[in-house]
Visitor: 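Sending over a structure as structure tokens; questions will come in a sec.
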Amino acid sequence: MGPAIREKGRGAGRLPGAVAFCVLFFALCPVVLPFLLPFSFAEEYTFDVSEVEKKPYHIGGYIEFYPIVFGLDKNSAMYKLNFYDRSVGGTTEEYNGNLQIEASLEKGVSRAYMKAYTSYTNNWQTETTKTTIFEGYLSVKPSSSWVVDAGKKTMNWGKGYAWNPAAFLDRPKDPNDPELSREGFIVSSVDYTRSFTGRSLKTFSFTPVLVPVYSGVNEDFGEVDHLNFASKFYFLFHDTDIDLMFLTGGSKTTRYGMDFSRNITTNLEIHGEFSLINGYDKTYTDENGNVFKSSYTAKNYLIGLRYLTKSDTTYIVEYYRNGTGYTGKEMRDFFSFIDTGYDRYIATGNTALLDKASNLNQQGAYGRMNPAVNYLYFRVSHKDPFDILYYTPAITLIANVDDKSFSVTPEITYTGITNLELRLRTGIIAGAGGTEYGEKQNDYRMDFRARYYF
Amino acid sequence: MVRTIIAILTGIFLAAPAFAVDGTRLLQEIDRNLSPESYESHRKIINIEPDGRKKEFIYYTVKKGRDKVAGLFTAPASEKGRTTLRLGDNMWLYIPNVGKPVRITSLQSVVGGVFNNSDILSLDYAVEYNVENVEEKDGEYLMHLKAKTRTVAYDRLKMWVQKDKTLPVKIECLTEASMLIKTLYFKDVKDFGGGIVRPAVLETDSPLYKGYKSVMIFAKIKKREFKDEVFTLTFMPKMESLR
């Protein structure tokens, strides 16, 4: 019999004022907004051609206010690792302000594009403002069959919604927010596309990519001083999207992948992804902090579906097997090692073991978004429930299948005002001792996001 | 025996008007009157809520041949850069922030409101429907259409057609059990130039969305030829370059 789910919440404390205000604001939106917004019952529709005039440049993006409250679990391993020398209350707050700017300039067959992301963060640990160029590249399109890109770019390979085991050239997604923009890598790529009429194969694309990894260029991609080569082959074959991809070159071990996606009916889509990583090196620890390495061929795969009901409820389900992940025992050993390090710190003030654990967490694979092997993602969202307009409630479950720990996140999004999107979420994190989610530093989190597009 | 033959021949002769109209040809003619086989257009889509509030989208569309349609949202800012693609029964949505096309289904709606994806990325009616029957009355044809496959969004259509212009006036979209899903109203016939004379406004309502209404207004429709490669996933992020 497995261990019982531990109730993680303990005296969470007060709800900070900013978040309480946000909750109230959200609740009052449907009552107040109809009186604030201009509206008309007129049946005359106008559409002036000047509204569609194209300019050679574009500047747009969004600005957002994003406060978060974390309810801390003071008994968890990750709390001990991150807060062992600090005294904080039952909750901690973080205030974020983010600005994303996208700009493009088009001339003839050329186009320059840039996406910059500036984030302001204020929490118990730090107050920082950071600007990152997520993407910035030059694109030349001599014909509709050929596109040549050079610069910093996200490739976004793979068909999975929450995870992409075949996205060899991308930073990992956050399954809690899979649609967030991510920073790209400096690459040069070519897209060649060919369409066919009256055949089973309707489209073929070939995308070769060069990824330089040298001092100062893509250093966080992998081992430096290598010019890596990757390719993707796309086929629209018998109404199914199929991609085949590989990456080789030395910064990472050679890897191969494939994905597919297909509409089964007018409201059901299925997709899948597979990747094989040659010579994957796994670094892991036992409960005493002895570090081991093993090398093997890692097999990762994902299978998922998206289903829309007649009542406008969307279900997304994905199962992900992470062949590079840690088994339940390996995860438990890591958490035991943190506990040992914490006990030693309390007894002697010596942080050596905690430093080693922190290093494994940050440099090694334990600190990844999803460090274990088997995961389930399940999301249900429903548009305009009970005819309450512009509200989309949703609930998302991310579960570690092996240790039966999970996070469940109810949320509500409001889009009733043009270009403004409001989202309120609460994430509840639960699991027994020694499990992935049971040992996270938070019991719960509550966040509010007000995003304005311009 | 002779009487029987005469009766059958008379019956056939009297029934002849019912078969006088070639339904398939009529449907093809309606398709061509609504739009050229390959074209570009600018539309505004307006969702109107029961309290009168509106949400507007501006959408640039290109179409080629029988089964290739693509679209680009140019406004509002929150939707700008989103593109959609349809190749036969396959549909995709590209969201710039997500950075890759994801498959969508015909019954979903990328804009909310009463129009679903198959309304917005519509193909020629003759591509998706067979004509089962055509009735003639009061200067109109009433056409009964049946979907060719189960992947088509509406199993049956009842199409009222203005005889003199050969343009639809109203279409009822029905399930297999003849339950009404939505009604499309074609209004405000306008000369778009280049020989294209068609309704500039398409309104829809639905018993499933009581009090809601969606409207599509066409500002420009122009014949234009495109390469097949424009209608591919690789081209979706580059659609702005067509305008």
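Chain letters run A, B, ... following the sequence lines, proteins first, then strands; residues in each count from 1.
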Visitor: Does atom OH of A:Y315 have more than 12 heavy-atom neighbours from other groups under 6.0 Å away?
Guide: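 Counting other residues, nucleotides and ligands, OH of A:Y315 stays at 12 neighbours or fewer.
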Visitor: Which atom names give the shortest non-hydrogen contact between A:N419 and B:P76, and what distance separates them?
Guide: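 So the minimum-distance heavy-atom pair works out to OD1-CB, 3.4 Å.
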Visitor: Do A:T203 and B:L87 have side chains that approach each other closer than 4.5 Å (heavy atoms only, starting at C-beta)?
Guide: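 Side chain of A:T203 against side chain of B:L87, heavy atoms only: contact under 4.5 Å found.
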Visitor: In terms of heavy-atom pairs under 4.5 Å, which option from B:R150, B:K80, B:K227 contacts chain A the most?
Guide: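 That would be B:K80.
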Visitor: Evaluate the salt bridge (Lys or Arg N to Asp or Glu O under 4.0 Å) criterion for residues B:K238 and A:D149: first the C-alpha distance (whole Å), next the side-chain angles of each, then the deciding distance (0.1 Å), finally the verdict.
Guide: CA-CA 12 Å; B:K238 320 280 181 194; A:D149 292 334; 3.7 Å; yes
Visitor: Checking heavy atoms, do the side chain of A:E179, its backbone, both or neither come under 4.5 Å from chain B?
Guide: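 Both backbone and side chain of A:E179 come within 4.5 Å of chain B.
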Visitor: Which bit of A:F454 is near chain B, if near means a heavy-atom gap under 4.5 Å: side chain, backbone, both or neither?
Guide: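 Only the backbone of A:F454 comes within 4.5 Å of chain B.
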Visitor: Sort A:H58 into side chain, backbone, both or neither according to what part of it lies under 4.5 angstrom from a heavy atom of chain B.
Guide: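 Side chain only.
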Visitor: Would you say the side-chain atoms of A:K141 and B:S241 include a donor-acceptor pair closer than 3.5 Å?
Guide: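 Side-chain D/A pair, A:K141 to B:S241: present.
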Visitor: Just jot down the salt bridge (Lys or Arg N to Asp or Glu O under 4.0 Å) partners of B:K146, sequence neighbours excluded, or say none.
Guide: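 B:K146 satisfies salt bridge (Lys or Arg N to Asp or Glu O under 4.0 Å) with B:D155 once adjacent residues are dropped.
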Visitor: Is A:K54 in contact with chain B via its backbone, its side chain, both, or neither, using a 4.5 Å heavy-atom distance?
Guide: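 Contact with chain B involves both backbone and side-chain atoms of A:K54.
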Visitor: Given that the side chain runs from C-beta out, which part of A:L236 has a heavy atom under 4.5 Å from chain B: side chain, backbone, both or neither?
Guide: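 For A:L236, the side chain is the part near chain B, not the backbone.
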Visitor: Determine the option with the most heavy-atom pairs under 4.5 angstrom with chain B, choosing from A:G61, A:S145, A:S139, A:G60.
Guide: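 It is A:S145.
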Visitor: Not counting sequence neighbours, list each pair that qualifies as a salt bridge (charged side-chain N to carboxylate O under 4.0 Å, His left out) and has a residue in residues 99-117 of chain B.
Guide: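 Listed by first then second residue: A:D241-B:R103.
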Visitor: Is B:E240 close to chain A through its backbone or its side chain, or both, or neither, when contacts mean heavy atoms under 4.5 Å?
Guide: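 For B:E240, backbone and side chain are both near chain A.
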Visitor: Could you tabulate the donor-acceptor pairs under 3.5 Å formed by side-chain atoms of residues 107-114 of chain A, not counting sequence neighbours?
Guide:
unit_1: A:Y113; atom_1: OH; unit_2: A:E102; atom_2: OE1; d: 2.8

Visitor: So which of A:E269, A:K383, A:R194 has the biggest tally of heavy-atom pairs under 4.5 Å with chain B?
Guide: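 Heavy-atom pair counts peak at A:R194.
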Visitor: Please look at A:T240 and chain B and tell me whether the side chain, the backbone, both or neither of the residue comes under 4.5 angstrom of a heavy atom of that chain.
Guide: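 Looking at A:T240, just its backbone touches chain B.
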Visitor: Measure the shortest side-chain to side-chain distance between B:T105 and A:L268 over non-hydrogen atoms and say whether it is less than 4.5 angstrom.
Guide: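 Of all side-chain heavy-atom pairs linking A:L268 with B:T105, none is under 4.5 Å.
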Visitor: Just wondering, do A:R262 and B:N90 contact through their side chains at under 4.5 Å, heavy atoms?
Guide: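 Contact flag for B:N90/A:R262 side chains = no.
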Visitor: Do you know the tightest heavy-atom contact between B:L233 and A:Y234?
Guide: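 Scanning both residues, the minimum pair turns out to be CD1-OH, 3.4 Å.
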Visitor: For the residue pair A:T193 and B:T234, what are the closest heavy atoms and their distance?
Guide: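 For A:T193 versus B:T234, the nearest heavy atoms are OG1-OG1, 3.1 Å.
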Visitor: Provide the closest heavy-atom pair for A:N263 versus B:I104 in the form atom of the first, atom of the second, distance.
Guide: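 A:N263 and B:I104 have their closest heavy atoms at ND2-O, 3.0 Å.
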Visitor: What residues of residues 57-68 of chain B sit under 4.5 Å from chain A when you count only heavy atoms?
Guide: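 Within residues 57-68 of chain B, the residues that come under 4.5 Å of chain A (heavy atoms only) are B:I58, B:K68.
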Visitor: For the candidates A:F196, A:Y390, A:Y161, which exhibits the highest count of non-hydrogen atom pairs separated by less than 4.5 Å from chain B?
Guide: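 It is A:Y390.
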Visitor: Within the 3.5 Å criterion, strictly below it, is a donor on A:Q100 or B:N97 matched to an acceptor on the partner's side chain?
Guide: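 Short answer, yes.
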